Every structure is written in structure tokens, then in C-alpha cells.
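Presented below is the structure to which this report refers.
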Number of protein chains: 2
Amino acid sequence: MSIFDTFEIAQVAFIVRDIEKSARAWAALLGVDPPEPVITGPQEEAHTLYRGSPTPARARLAFIPAGQVTVELIEPDEHPSIWREFLDEGGEGLHHLGVYVKDLPQRARRIEALGFPLVQQGDYPGGRYAYMDTRSLLGVMLELLENF
Amino acid sequence: MSIFDTFEIAQVAFIVRDIEKSARAWAALLGVDPPEPVITGPQEEAHTLYRGSPTPARARLAFIPAGQVTVELIEPDEHPSIWREFLDEGGEGLHHLGVYVKDLPQRARRIEALGFPLVQQGDYPGGRYAYMDTRSLLGVMLELLENF
């Protein structure tokens with residue numbers, strides 16, 4: 001079985017410093033209304049693990065429909081996270097491509113076996129996610145997403 | 001009228017140094033056969049303009065279907081191009097998101113008016129393209145694509 005039953009890019013996600021500013025700029029470019037940011041859940045809901053350790057980090061998110069793909073903007077808070085790390089190390093930019101999978105833990109293990117470590121994972125309402133650090137191959141991370 | 005009638009990401013494109021190597025790595029990750037590279041047309045067909053001037057630059061391309069999106073790998077040759085510039089300045093990585101439009105010149109002018117310059121354009125069999133340097137906003141370029 002291949003790692004991905006089908007590899008369909010569902011999200012293209014950017015790390016930003018100021019989500020209102022970025023949302024307005026995207027909206028101006030696309031000629032749409034700026035999306036309203038939401039915030040990820042607290043640790044007791046999100047169970048965020050960053051490089052293997054629990055973190056209270058949260059992020060503000062905004063979503064812009066782009067056909068079959070969703071553009072996601074992510075503004076991290078100051079706590080340790082893969083989002084914060086990205087912003088501190090390289091500034092704003094394209095962070096990951098999101099792909100839906102089934103049986104996320106098994107897929108993540110198989111991708112790790114190819115040499116691409118799982119660097120952050122957590123839950124969101126109705127699902128869970130894992131970031132695989134594929135930057136050495138793709139220049140960006142892959143996010144595995146699984147809705148229950 | 002908005003700049004994009006609908007903004008649908010159709011291509012996610014990476015600049016690579018060695019397209020066979022990258023195609024194999026992508027194929028291993030996705031569990032598919034490596035795509036066969038093709039080469040862009042010569043200047044008399046492609047009419048490539050790089051930062052306003054004709055260039056003989058060509059690139060080898062490989063395409064991997066990923067649901068509604070196509071992953072594109074681009075290996076530039078040594079001649080001046082936006083692809084070569086990207087590789088020389090920052091190395092491999094995600095270069096652009098491709099979006100289909102109608103009336104490409106008019107769309108390009110409106111995006112330029114927002115402060116994002118057209119940095120390369122050309123023809124391909126059945127269509128034409130223009131790269132808009134949206135890196136200051138998006139971290140990546142946008143490619144406008146128009147099939148005739």
C-alpha cells in the first residue's frame with residue numbers, strides 16, 4: 001500500500017506575523033472579503049506536542065477558499081511551536097501543504113521511516129493533524145490531516 | 001470585477017537541481033511511478049521574456065497529479081530566467097502557485113498595479129503564462145496561466 005491512498009493537496013498554509021494585515025492583503029489580491037480569524041484550542045483540547053513535548057502554544061488561523069484548495073494563514077503566539085520556530089528562523093512564508101489521510105499514526109510512521117520526522121501534532125475539533133518535516137525534499141512541510 | 005474570477009490553485013511548483021532525483025524522491029513519498037520529464041520549447045516557440053528581455057532559457061519539467069492540483073518540478077538550465085535566479089539565490093524550494101485566468105495581460109496589469117511585478121512570461125503549447133512576484137506578500141510567486 002502506498003503511503004497516500006491518493007495524494008490530494010487540500011491546504012496551502014502560510015505563516016504570518018499579523019493575520020489581520022495578511023488577510024486584508026490576500027483579500028485585496030483576490031477581490032474577496034477578508035476572512036475572520038479563529039484561534040486554535042487550548043492545550044487541554046488541542047493536546048499539542050511540539051518536537052515530542054506538550055506546549056501551550058496556540059495560533060490564530062484564517063481560511064480562504066481557493067477552488068479545491070484552502071489557503072490557510074497562521075499567526076503563532078509566543079509559545080514554542082513549529083509555527084513560532086518557522087517565523088523566528090525564516091520569517092513569513094509558505095509553511096506547509098495539507099493532505100487528508102486515514103489512519104494518520106500509521107502514515108506518519110511510514111513517512112518518518114523515509115527520513116522525514118514528525119515535528120508537531122495535535123487535535124482540532126473533529127480531527128487531528130501531524131506535521132512531517134519534508135523540507136529537505138520539498139522545501140515545505142507536509143501536514144497530515146485526519147477528520148474523524 | 002475582481003482580479004481573479006475564481007482563485008483556484010491548480011499547480012504547486014518546485015524548483016529543483018536534478019529533476020530525475022527529485023522526481024524519484026516525490027514518487028517514493030507518494031508511492032507512484034516517477035514522472036517523465038519534458039522540456040520547455042526553444043525561444044522561437046516559447047518567446048520567453050525574463051525581466052523584460054528575451055532569453056534562450058529553457059527548463060525541464062515533470063508533473064505529478066495530486067487531486068485537483070498538479071505538483072510541478074522545474075529544473076532550469078544555465079541561461080537567465082526566474083527559475084535560474086531562484087535556484088542561484090535560495091536553492092531548491094517551492095517557487096509558485098499556478099492559477100488559471102482569462103485575459104492574462106489584463107489580469108497581470110491589475111496585479112502589477114497592486115505592487116507585484118510581472119517578472120517572466122512566455123508561451124507553451126496551447127497557452128501562455130506570466131509569473132507575478134508576490135513574494136513580499138505570499139512568500140511565493142503566483143503564476144497566471146491561460147489556455148487558448
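Chain naming here is simple, since letters A, B, ... match the order of the sequence lines and numbering starts at 1 in each. No hydrogens, no waters, no symmetry mates; every other heavy atom, side chains included, goes into these values. Please read all numbers here as calculations on a predicted model, not as lab measurements.
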Indicate, with yes or no, if Leu61(B) and Trp26(B) share a hydrophobic cluster defined by side-chain heavy-atom contacts under 4.5 Å among Ile, Leu, Val, Met, Phe, Trp and Tyr. no

Given Leu29(A), Val71(A), Leu94(A), Val12(A), the one that forms side-chain contact (heavy atoms from CB on, under 4.5 Å) with Leu138(B): Leu29(A)

Is there a path of hydrophobic side-chain contacts, each under 4.5 Å between heavy atoms of I, L, V, M, F, W or Y residues, that connects Met132(A) with Val119(A)? no

Bottom line for Leu73(A): the part with an atom under 4.5 Å from chain B's heavy atoms is neither

Please say whether more than 12 non-hydrogen atoms of neighbouring residues, nucleotides or ligands are located less than 6.0 Å from CD in Glu44(B). yes

Check whether Leu114(A) gets within reach of chain B through its side chain, its backbone, both or neither, counting any heavy atom under 4.5 Å. side chain

Do Leu104(B) and Phe116(B) belong together in a cluster built from hydrophobic side chains that touch within less than 4.5 Å? yes

Give the member of Leu137(B), Val16(B), Ile15(B), Ile111(B) that has the highest number of heavy-atom pairs under 4.5 Å with chain A. Leu137(B)

Between chain A and each of Ala66(B), Gly91(B), Ala25(B), count heavy-atom pairs under 4.5 Å; write down the option with the most. Ala66(B)

Are Leu97(B) and Phe4(B) linked, directly or through other ILVMFWY residues, by side chains that come within less than 4.5 angstrom of each other? yes

Ala28(A) versus chain B, heavy atoms under 4.5 Å apart: side chain, backbone, both or neither? backbone

Counting only non-hydrogen atoms closer than 4.5 Å, does Ile64(A) touch chain B with its backbone (N, CA, C, O), its side chain (CB onward), both, or neither? neither

Single-linkage hydrophobic cluster Tyr50(B)~Ile74(B), side-chain heavy atoms < 4.5 angstrom: yes

Rounded to the nearest 0.5 Å, what's the gap from CD on Gln68(B) to CD1 on Ile9(A)? Could you check? 11.5 Å

Do Val140(A) and Phe14(B) have side-chain heavy atoms sitting under 4.5 Å apart? yes

